[in-house]
Number of protein chains: 2
Amino acid sequence: MFAEHTADPDHAAARTPHSQETWPDDIPHPCETWPDNGRGFRETLDRIGDKWSVLVIGLLSQGPLRFGMLHQRVPGISQRMLTLTLRHLERDGIVSRTAYAEVPPRVEYELTALGESLRATVYALARWVTDHNDEIETARHHYDTR
Amino acid sequence: MFAEHTADPDHAAARTPHSQETWPDDIPHPCETWPDNGRGFRETLDRIGDKWSVLVIGLLSQGPLRFGMLHQRVPGISQRMLTLTLRHLERDGIVSRTAYAEVPPRVEYELTALGESLRATVYALARWVTDHNDEIETARHHYDTR
DNA sequence: CAGCATCCAGCCCGATACTG
DNA sequence: CAGTATCGGGCTGGATGCTG
């Protein structure tokens, strides 16, 4: 499959005539790193792009929170999705989970150092969306009603 | 539904005792803007987070490209998904589409000014992932084998 | 060449019920 | 309180075939 445009196995490696002009040199271009379908890069972008992660990161950037608090403060999230989101973020080393052996049980989630470093990027993203939201809304309306 | 934690209809508005400390003041906190499930913010994040958009934006940031070229250079994308991705980006005003009345037809895609402004953010994201990919891989491996 | 239409598999995610 | 288990609908996205 995909024979149409991957007939040459060295296709990706051989694709050099148009060497990057504007893409920063020190960042591997996505298309060089993603042919192996699903490795790191993609997986990480999924985490950032998924429905709840950014919300959770945003909340945790204000300090540690318990499961229940997160559940309250992320509007509309289900227990299941909160659990999954936290597990994923934990797996990626972005949040840490601390369970206290008490009754009733208490579990606190907190950004790790890695998570903290992600914060700036999340802010940048949020800022871009905020700054350009009007333009986007306008563009969408224009597109939908043309 | 969600009666458990949305018994108070003014819940979101009334939720002020923990005013933001670290979230930048000039950026509306996601949790304030997303209760209305699916409006702008979310929709835009979806665009950035989805499987192909960032790839396409990355390629177009190097200059205009025709449909076929994009199809070649984004490894593994199907015609359908490329079309859908481009339509979405076009709708959001990030990409412009120019069809030339020739035979065979030629269609060129290009970043708009808005798209250009997004580029910096995409770079920031790519940079973060690049810079921290090792940590993430390590964390994942640790998590998976613990 | 560019792309739409159709079909269909798989998974994402929400609802619900149950546990340590 | 902080989860896990299970079920099922809907949407995502891939394959294929057909048009201007």
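In what follows, every chain begins at residue 1, and chains take the letters A, B, ... in the order their sequences are listed. In this text, all values refer to a predicted model and were calculated from it rather than measured experimentally.
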Whole-Å gap separating [atom2] ([N]) and [atom1] ([X]):
X: B:I77; N: C:dA2; atom1: CD1; atom2: P; answer: 14 Å
X: A:E108; N: D:dA2; atom1: CD; atom2: C1'; answer: 13 Å
X: A:L70; N: D:dC1; atom1: CG; atom2: P; answer: 14 Å
X: A:L65; N: D:dA2; atom1: CG; atom2: C1'; answer: 15 Å
X: A:H71; N: D:dG3; atom1: NE2; atom2: C1'; answer: 11 Å
X: B:M69; N: C:dA2; atom1: CE; atom2: C1'; answer: 14 Å
X: A:M81; N: D:dA5; atom1: CE; atom2: C1'; answer: 13 Å

Are any side-chain N or O atoms of A:R73 and backbone N or O atoms of A:L70, one a donor and one an acceptor, separated by less than 3.5 Å?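 Not confirmed, A:R73 side chain does not pair with A:L70 backbone.
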Looking at A:T112 and A:G93, would you say the former's side chain and the latter's main chain have a donor-acceptor pair under 3.5 Å?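 Yes, A:T112 side chain to A:G93 backbone: donor-acceptor pair under 3.5 Å.
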Can you tell me if A:S53 and A:D50 form a side-chain donor-acceptor pair at under 3.5 Å?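 On atom types as modelled, these side chains qualify, holding a pair under 3.5 Å.
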Geometric cation-pi criterion, A:R119 with A:Y123: 6.0 Å, 45°: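 Here A:R119 fails the 6.0 Å and 45° test against A:Y123.
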Which nucleotide, D:dG14, D:dG3, C:dG14, lies nearest any side-chain atom of A:Q79?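 Closest of the options to the side chain of A:Q79: D:dG3.
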Heavy atoms under 4.0 Å, any strand shown: does A:Y100 hit a base, just sugar-phosphate, or nothing?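 It contacts nothing in the nucleic acid.
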What I'd like to find out is whether the side chain of A:R47 reaches to under 4.5 Å of the side chain of A:L89, using heavy atoms alone.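 A side-chain contact exists here, since the closest heavy-atom pair is under 4.5 Å.
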Quick one, A:E90 and B:Y143 - any side-chain contact, counting heavy atoms below 4.5 Å?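 In contact.
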On DNA chain D, nearest-nucleotide positions of B:D50 versus B:P105: which is more 5'?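 Taking each residue's closest nucleotide, the earlier one in sequence belongs to B:D50.
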Which of residues 83-92 of chain A have a heavy atom under 4.0 Å from DNA chain D?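 The stretch gives A:T83, A:R87 as the residues lying under 4.0 Å from the strand, ordered by number.
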Most 5' of B:R80 and B:F67 on DNA chain C, judged by nearest nucleotide: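 Going by which nucleotide is closer to the 5' end, it is B:F67.
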Between [X] and [N], is there a side-chain N or O to OP1/OP2 distance below 4.0 Å?
X: A:Y109; N: D:dG3; value: yes
X: A:R97; N: D:dG3; value: yes
X: A:R66; N: D:dA2; value: yes

Tell me the closest heavy-atom pair linking B:V56 and B:T85, and the distance in Å.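 Between these two residues, the closest heavy atoms are CG2-CG2, 4.1 Å.
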